[in-house]
Structure formats: C-alpha cells, structure tokens
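Because only heavy atoms are used, hydrogens play no part in the values below, and waters and symmetry mates are left out as well, while side chains stay in.
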Amino acid sequence: MQIYRVGGAVRDKLLGLPVKDQDWVVVGASPEIMKAKGFQPVGKDFPVFLHPQTKEEYALARTERKSGHGYGGFTFHTASDVTLEEDLLRRDLTINAMAEDETGRIIDPYGGQKDLENRILRHVSEAFAEDPLRILRTARFAARLAPMKFTIADETLALMTTMVSSGEVSFLVAERVWQETRNALMEDNPDQYFIILQQCGALNIVLPELCHSQLNKALTYSNKAAGHKSPDLVRFSCLFISDDAQNNLSESLRTLSKRLRLPSAFVEQARLITDHTQQARQLCIDLQAADMMSLFNATDALRRPERFHFFLDALAIAFQEVQLKRDFILECLTHCLQIKAKDLMSETVKGKALGLALEQARVNCISGILKKH
C-alpha cells in the first residue's frame with residue numbers, strides 16, 4: 001500500500017501557489033484494507049475514503065472506460081494491481097497528472113513539469129475526448145492561469161473543437177455547466193473561460209445566451225470586477241451590462257436562467273442590470289431626489305441594500321458617470337434607511353398615509369443632502 005499526493009496540490013506547489021486542497025491516491029490497497037485502517041468510505045461510483053483524522057479524500061487507484069455519454073458515462077475499475085501511472089493517465093491535463101510520494105519525489109510520467117515550465121495546458125491522452133466536462137475545466141484553468149501566461153496547446157484546442165463537432169458537449173448537464181462557469185467567474189481572468197469556449201465552438205452550445213454582440217465588452221467588465229475582488233454575483237451580472245439602451249439582454253437572462261436552473265440570487269442580481277441600467281445612468285447624469293427615490297423603489301434597495309450595492313458596483317465598472325456618483329447615492333440610501341415608519345406614525349398618519357409620509361420624508365432627506373452636495 002503506497003499513498004501519493006496528486007493533482008492540483010502538486011501542480012500548485014510546483015508553481016509556488018498556495019495549496020488549497022489535498023488529493024491523495026492509494027496504490028496497492030483494497031476497500032477492506034482502507035476500512036480496517038479507519039478510513040470512512042464515501043464514494044458512490046468508485047472507492048473514495050475520508051482519512052480518520054484529516055478528513056481529506058483518499059481514492060483508490062483506478063482506471064475508467066467509456067460506457068455512455070457525458071460526464072457520468074464511465075465505468076470505473078479499482079484493484080490492488082492498478083498502477084499509479086495508469087491512474088494518472090486518466091487525468092485531464094499533464095500539469096494535473098503528477099504525483100508526489102512521502103519523500104517529496106515527483107512522479108511525472110506524462111511531462112507535466114515541462115509543460116509547467118513552458119506554461120502549456122496539454123491533454124494527457126486521447127481519453128480526454130471521452131469527457132466533455134474537460135472542455136469546461138480546461139477553459140477554467142486557462143482563466144485561472146492566464147496571469148502566469150499559460151496557453152492551451154494547439155493540439156488540445158483542436159481536440160476540444162473536434163469534441164464539440166461530435167456532439168458530445170450537448171450531453172453536459174446544466175448543474176455542471178453552471179458549476180464550472182461560476183467557478184470560472186471567480187478566477188483572475190474570467191474572460192479567458194468564455195473566449196476559449198468560443199474558440200472551440202462550445203460557447204454556442206453550453207451558453208448560447210451569451211453569444212450576443214455586447215459579449216466582448218461584458219467580458220471586459222467581468223474582468224475588471226475580478227480585479228476589484230468583487231463577489232461572484234457582481235461578476236455574473238457584469239455579463240449582462242450593455243451600453244446600448246436598445247440592446248436589452250433580459251430575454252437572454254430569462255432563457256439562461258431557465259435552461260441552467262440558476263440560483264435565484266444570481267438571476268435577481270443580473271435582472272437589476274437588464275431592467276434598471278438606463279434608469280441608474282440617467283440619475284447619475286442628473287441627480288434629482290424624486291428620481292433617486294424612484295430608483296430605490298424600483299430596485300427594492302431599501303429592503304435589500306446589499307443587492308443594490310452590488311448593482312452599483314457592477315455599473316460603476318462599466319460607466320464613469322455611475323462610478324463618480326456611486327458613493328453619493330449609497331450615502332443617500334444610508335440616510336433613507338435611518339428614517340423609520342414608526343417615527344412618523346400617529347393617530348392621523350397611518351396605513352396608506354403613513355407610506356406616503358415615509359416616502360416624502362425620504363425624498364426630503366435626499367433633497368437636503370443634494371443641497372449640501
């Protein structure tokens with residue numbers, strides 16, 4: 001029984017990057033041996049175990065055979081005679097197909113270290129073509145490692161293009177497409193994910209709603225959001241910013257949301273962009289108390305101020321007029337939030353009248369701030 005650190009932990013260590021997740025492969029063992037040593041089985045498709053102390057995942061060395069379509073269309077084989085080299089051969093990229101033994105020695109049968117030095121993302125073997133999810137993963141690695149000048153090998157991009165042409169990509173399930181896309185948005189250069197998918201022809205299949213005329217600008221906005229360390233909600237909503245009032249992307253958002261079953265928080269954040277961008281831009285050009293209150297009401301800013309903050313954060317990346325007025329608008333929102341209905345309530349001011357009084361008090365508050373501005 002031999003245990004090796006594998007995959008991303010080895011790659012990141014060699015790149016000098018922080019190691020976030022540790023993955024381990026066990027060679028020469030069986031499920032019975034693992035359980036006898038106190039490891040807890042958790043794998044459904046193939047034997048994976050949690051370490052009794054660290055709770056890190058330890059997988060038995062395995063091989064796989066294509067048995068159907070899509071990410072889940074594989075039959076796995078684990079046995080004590082499966083070698084480390086056979087296990088590494090099934091991995092996606094050479095830089096992810098290295099292992100480290102307990103002495104720190106690197107086992108690199110497929111040239112991962114050389115590709116790290118040359119900043120190349122290259123598939124390990126032709127088995128890469130059997131799993132369409134690897135197209136998305138490779139694009140995501142391109143987004144992550146773009147600051148280090150990594151590029152995709154020509155033969156790997158050609159293979160990805162062939163995979164798209166074969167129709168295998170259409171078998172990707174919505175949840176995996178969204179998971180990889182969301183993760184890609186949190187990388188340092190999220191635009192590379194979409195650019196690579198566009199280059200190999202996958203974008204029009206997995207994310208057709210983003211094949212719009214404003215995509216290049218939207219990717220620039222999303223990249224800037226990444227540079228500002230913005231949350232994923234902001235980065236996603238940036239994909240739906242348009243500087244053309246006639247190019248409303250609400251229908252694209254609606255169909256994407258339905259097809260990928262997006263989390264409601266992402267849909268709602270992006271919908272603020274598609275529905276209220278022009279209103280917010282006009283307010284920033286001509287600050288008026290009533291118009292500001294109208295924007296607060298339309299975007300539900302008084303009940304959900306954090307979401308409104310994210311809305312302005314995204315627009316500030318794209319439009320200078322919003323960038324210049326963002327902090328002032330948020331200051332006005334803060335003051336409005338301090339005006340409570342209970343402070344205005346009386347025997348004669350209640351019900352509908354109370355709502356009108358609260359609205360007017362907040363408009364008056366904004367007017368006062370504008371006069372001092």
- Heavy-atom nearest pair, Arg307 first then Thr299, reads NH2-O, 2.9 Å
- Query: Going by the ring-ring contact (aromatic ring centres under 6.0 Å, His included) test, which pairs reach into residues 251-270, not counting sequence neighbours?
  - Reply: Trp178-Phe266, Phe236-Phe266
- Task: List the atom of Ala129, the atom of Leu159, and the distance in Å for their closest heavy-atom pair.
- Result: CB-CD1, 3.9 Å
- Considering only heavy atoms from C-beta outward, does the side chain of Met98 approach that of Leu14 to under 4.5 Å? yes
- Output for pair (Leu253 CG, Leu239 CG), nearest 0.5 Å, gives 10.0 Å
- Item | Same apolar cluster (I L V M F W Y, side chains within < 4.5 Å links), Leu302/Ile329 | yes
- Partners of Ala99 by side-chain contact (heavy atoms from CB on, under 4.5 Å), sequence neighbours excluded? Tyr4, Val6, Leu84, Leu88, Ile107
- Using 4.0 Å as the upper bound for N to carboxylate O, is an ion pair formed by Asp188 and Arg144? no
- Excluding sequence neighbours, so at least two apart, what forms ring pair (Phe, Tyr, Trp, His ring centres under 6.0 Å) with Tyr221? none
- Query: Got more than 12 heavy atoms from elsewhere within 6.0 Å of CG, Asp21?
  - Reply: no
- Under the side-chain hydrogen bond (donor to acceptor under 3.5 Å, both in side chains) rule, collect the residues that match up with Gln278, sequence neighbours excluded. none
- Query: Atom CD in Glu306, atom CG in Leu233: separation rounded to 0.5 Å?
  - Reply: 8.0 Å
- Task: Just jot down the salt bridge (Lys or Arg N to Asp or Glu O under 4.0 Å) partners of Glu175, sequence neighbours excluded, or say none.
- Result: Arg261
- Could you tell me whether Glu268 and Arg271 have a side-chain N and a carboxylate O separated by less than 4.0 Å? no
- Query: For Glu251, does the CD atom sit with more than 12 other heavy atoms under 6.0 Å from it, leaving out its own atoms?
  - Reply: yes
- Query: Does NZ belonging to Lys20 count more than 12 external heavy atoms closer than 6.0 Å?
  - Reply: no
- Query: Restricting to pairs with a member in residues 121-140, which pass ring-ring contact (aromatic ring centres under 6.0 Å, His included), not counting sequence neighbours?
  - Reply: His123-Phe128
- Shortest non-hydrogen pair, Asp87 vs Leu60, comes out as OD2-O, 4.2 Å
- Could you walk me through whether Arg91 and Asn96 pass side chain to side chain donor-acceptor pair (under 3.5 Å), step by step? CA-CA 7 Å; Arg91 296 175 184 268; Asn96 297 329; over 6 Å; no
- Output all residues satisfying side-chain hydrogen bond (donor to acceptor under 3.5 Å, both in side chains) with Asn297, sequence neighbours left out; order by chain, then residue number. Glu359
- Are Glu86 and Arg62 within salt-bridge range, i.e. N to O under 4.0 Å? no
- Where is the tightest heavy-atom contact between Ser252 and Phe240, given as atom of each residue plus distance? C-CE2, 4.3 Å
- Task: Please round to the nearest 0.5 Å and tell me the distance separating atom CG of Leu262 and atom CG of Leu256.
- Result: 5.0 Å
- Note on the structure: Looking only at heavy atoms, the pair that brings Cys200 and Leu157 closest together is CB-CD1, 4.1 Å
- Message: Between Val27 and Met34, is there shared hydrophobic-cluster membership here, with clusters defined by ILVMFWY side-chain heavy atoms closer than 4.5 Å?
- Response: no
- Phe319 ring centre to Arg281 NZ or CZ under 6.0 Å, with the angle to the axis within 45°? yes
- Regarding His276 and Gln279, is there a side-chain donor-to-acceptor distance under 3.5 Å anywhere? yes
- Item | Ion pair check, Arg235 and Asp232, cut-off under 4.0 Å | no
- Message: Using a strict threshold of under 4.0 Å (side-chain N to carboxylate O), is an ion pair present between Arg105 and Asp101?
- Response: yes
- Query: Between Glu102 and Arg5, is there a salt bridge with N-O shorter than 4.0 Å?
  - Reply: no
- With Arg119, which residues qualify under side-chain hydrogen bond (donor to acceptor under 3.5 Å, both in side chains), at least two apart? none
- Task: Check whether Leu312 and Ile369 end up in the same hydrophobic cluster, where Ile, Leu, Val, Met, Phe, Trp and Tyr are linked by side-chain heavy atoms less than 4.5 Å apart.
- Result: yes
- Query: Between Arg134 and Asp92, is there a salt bridge with N-O shorter than 4.0 Å?
  - Reply: no
- Task: Go through the structure and list residues passing ring pair (Phe, Tyr, Trp, His ring centres under 6.0 Å) with Tyr58, not counting sequence neighbours.
- Result: Trp24, Phe39, His51
- Item | Pair Arg326-Asp313, salt bridge (Lys or Arg N to Asp or Glu O under 4.0 Å): steps then yes or no | CA-CA 8 Å; Arg326 173 193 174 277; Asp313 287 347; 2.6 Å; yes
- To the nearest 0.5 Å, tell me how far Gln22 CD sits from Glu100 CD. 8.5 Å
- Item | Leu260 versus Val206, closest heavy-atom pair with distance | CD2-O, 4.5 Å
- Message: For Arg259, is there an ion pair with Glu209 - N to carboxylate O distance below 4.0 angstrom?
- Response: yes
- Message: Using a 6.0 Å cut-off, check whether atom CD of Gln320 has over 12 heavy atoms from anything other than its own residue.
- Response: no
- If you round to the nearest 0.5 Å, how far is CG of Leu287 from CE of Met292? 5.0 Å
- Message: Using a 6.0 Å cut-off, check whether atom CG of Asp154 has over 12 heavy atoms from anything other than its own residue.
- Response: no
- Item | Cluster check Met148, Ile195: I/L/V/M/F/W/Y, side chain < 4.5 angstrom | yes
- So do the side chains of Ile241 and Ile317 get within less than 4.5 Å of each other, counting heavy atoms only? no
- Task: Go through the structure and list residues passing side-chain hydrogen bond (donor to acceptor under 3.5 Å, both in side chains) with Ser30, not counting sequence neighbours.
- Result: Glu32
- Sub-4.5 Å side-chain heavy-atom contact between Asp191 and Ser222: no
- Can you run down the ring-ring contact (aromatic ring centres under 6.0 Å, His included) pairs that involve residues 194-217, sequence neighbours left out, and say none if there aren't any? none
- Rounded to the nearest 0.5 Å, the SG atom of Cys332 sits from the CG atom of Leu370 at a distance of 5.5 Å
- Do you reckon Val124 sits in the same ILVMFWY cluster as Leu133, going by side-chain contacts under 4.5 Å, direct or chained? no
- Message: Considering only residues two or more places apart or on different chains, which pairs with a residue in residues 133-155 satisfy ring-ring contact (aromatic ring centres under 6.0 Å, His included)?
- Response: none
- Query: Below 4.5 Å, heavy atoms only, C-beta onward: do Thr151 and Ile120 meet side chain to side chain?
  - Reply: yes
